[in-house]
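Working notes for the structure below.
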There are 2 protein chains.
Amino acid sequence: MRMNEGVEWAAHVCVLLHWAEEGGDAPVPATRLAAAYDLPTAYLVKQLQALGRAGLTESVPGRRGGVRLARPAARITLMDVVAAIEGPDDAFACTEIRRQGMNAERPARDFAQPCGVAHAMREAELAWRRALAATSIADLAGSTPAGRAADARRFLAAP
Amino acid sequence: MRMNEGVEWAAHVCVLLHWAEEGGDAPVPATRLAAAYDLPTAYLVKQLQALGRAGLTESVPGRRGGVRLARPAARITLMDVVAAIEGPDDAFACTEIRRQGMNAERPARDFAQPCGVAHAMREAELAWRRALAATSIADLAGSTPAGRAADARRFLAAP
DNA sequence: GCTTTCTTACTCGGATACCTACTGTCCGAGTGGAATAGG
DNA sequence: CCTATTCCACTCGGACAGTAGGTATCCGAGTAAGAAAGC
């Protein structure tokens, strides 16, 4: 069970976009974002499109276009970013194997209650989601050393 | 990010092994376990081997051999099962992209503190692990309707 | 009757094939600001 | 000087190839219980 690399990219890029917003340099073109962390541009664009579909970012077409956050960084959580990139599905998918084999003859109503394994897995994932939802992009930006944040703003503002 | 199907299998199989233990029918051959839920035997054996390597189950070779739990079901948690099948690695793997691109010139000591994204992800995974560790195989067995548990014991005891 | 051998029913580990999903690249279409050309 | 056209820099979406890992199967080697054979 490995998470998409795109999640890491997207999280860092959202922090960059927050800094750009503060510096008055929004929107930022994808090529510049890719250069900031030396990422393959074409593939990063794919992740940015996923963020856009999820409503986290807005894209401005045209000559001085680019990408910017669709709402304040304090109201975008890591959970939002993970959900945007990974999709809405749970990691654990119950396939109801309990109905097969020795239980194949049982009527469906015997399995009205959710499987205990699936229930416990779901609870654990909810705990995970709650923890992710507790950290916002603004929190991440705030925990970065001031020197690096200033340099990032400078990099994004440069022509 | 999808979890291995083997996790579901392994969890249900551990519950079966617990019932077999109670009924005095341990060890249980893999073929019987596979038949209980109509799973492909050869592939289930692979998952059982992973459980064995993790120390959750013991296998008895030879004619009336099979697999049994290595310790009481109350002391085997869902976390143990997930770790055995999925491996010990975290789902989120930080690749330190913050060191590249615009920060490529910085000395390594500038990044002594862990990346904020990685830290938040790690905290969330710990919450997930804690939740999984709160449910034991015995809990899962206890939450199954008595009728199905009895039938399972009968199935495992049958020649 | 006792010991030895054989058969049988298991597990274990590696090798292999297939398929899905992630990773990465490329191309054409659409959009809007800025520069340029024409009146 | 004002308007219309062209150009350029950007986004979007789909198509495509390569690769890693999950899914699934098969085979040979090892082990022990019970049956069979020999003394």
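Lettering of chains follows the sequences in order, A, B, ..., and the numbering in each one begins at 1.
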query = For the base of D:dG22, is there a side-chain donor-acceptor partner from B:E5 under 3.5 Å away?
reply =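 No, no donor-acceptor pair under 3.5 Å.
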query = Roughly how far apart are B:L17 CG and B:E58 CD, rounded to 0.5 Å?
reply =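 B:L17 atom CG to B:E58 atom CD measures 11.5 Å (nearest 0.5 Å).
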CG-CG distance between B:L69 and B:L56, expressed to the nearest 0.5 angstrom =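 Between B:L69 CG and B:L56 CG, I get 8.5 Å after rounding to 0.5 Å.
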Take the protein atom [atom1] of [X] and the nucleotide atom [atom2] of [N], then report the distance between them rounded to whole Å.
X: A:M3; N: D:dG21; atom1: CE; atom2: C1'; answer: 17 Å
X: B:E8; N: D:dG22; atom1: CD; atom2: C1'; answer: 15 Å
X: B:Q47; N: D:dT25; atom1: CD; atom2: C1'; answer: 14 Å
X: A:K46; N: D:dA15; atom1: NZ; atom2: P; answer: 11 Å
X: B:I85; N: D:dG22; atom1: CD1; atom2: P; answer: 12 Å
X: B:Y43; N: D:dG21; atom1: OH; atom2: C1'; answer: 10 Å
X: B:R64; N: D:dA35; atom1: CZ; atom2: C1'; answer: 14 Å
X: B:L48; N: D:dT23; atom1: CG; atom2: P; answer: 15 Å

query = Hey, are A:H18 and A:E22 close enough side-chain-wise for a donor-acceptor pair under 3.5 Å?
reply =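 Looking only at side-chain atoms, A:H18 and A:E22 do form a donor-acceptor pair, the distance falling under 3.5 Å.
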message = I want to confirm an ordering. Mapping A:T31 and B:P40 to their closest nucleotides on DNA chain D, which one lands closer to the 5' end?
response = A:T31
In plain terms, say whether [X] and [Y] are close enough for a salt bridge, that is, a side-chain N and a carboxylate O under 4.0 Å apart.
X: A:E21; Y: A:R68; answer: no
X: A:R148; Y: A:D151; answer: no
X: A:D110; Y: A:R98; answer: no

Cation-pi check, B:R32 onto B:F155 ring (under 6.0 Å, within 45° of axis) =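 So B:R32 does make the cation-pi contact.
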query = Across the strands shown, which category fits A:M1 at heavy-atom distances under 4.0 angstrom: base, sugar-phosphate, nothing?
reply = sugar-phosphate
query = Among D:dT11, D:dG22, D:dG13, which is the nearest nucleotide to the side chain of A:A30?
reply = D:dT11
request  = Find which nucleotide of DNA chain C each of B:G66 and A:G62 is nearest to by heavy atoms, and output the residue with the more 5' nucleotide.
outcome  =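 Nearest nucleotide further toward 5': that of B:G66.
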inquiry  = If you assign each of A:P61 and A:A42 to its closest nucleotide in DNA chain C, which residue comes earlier from the 5' end?
reply    =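 That would be A:A42.
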request  = Check whether any side-chain heavy atom of A:R64 lies under 4.5 Å from a side-chain heavy atom of A:P27, and answer yes or no.
outcome  = no
key: Start and end of the DNA chain C segment that chain A contacts, any atom under 4.0 Å from a heavy atom   =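 Going 5' to 3' along DNA chain C, contacts run C:dC22 to C:dA34.
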task = Give a yes or no on whether B:R99 atom CZ has more than 12 heavy-atom contacts from other residues, nucleotides or ligands under 6.0 Å away.
result =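 Result for CZ/B:R99: enclosed.
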note = Note, DNA chain D 5' to 3' with Watson-Crick or G-U pairs under 3.5 Å encoded as ( ), [ ], | and . gives |||||||||||||||||||||||||||||||||||||||
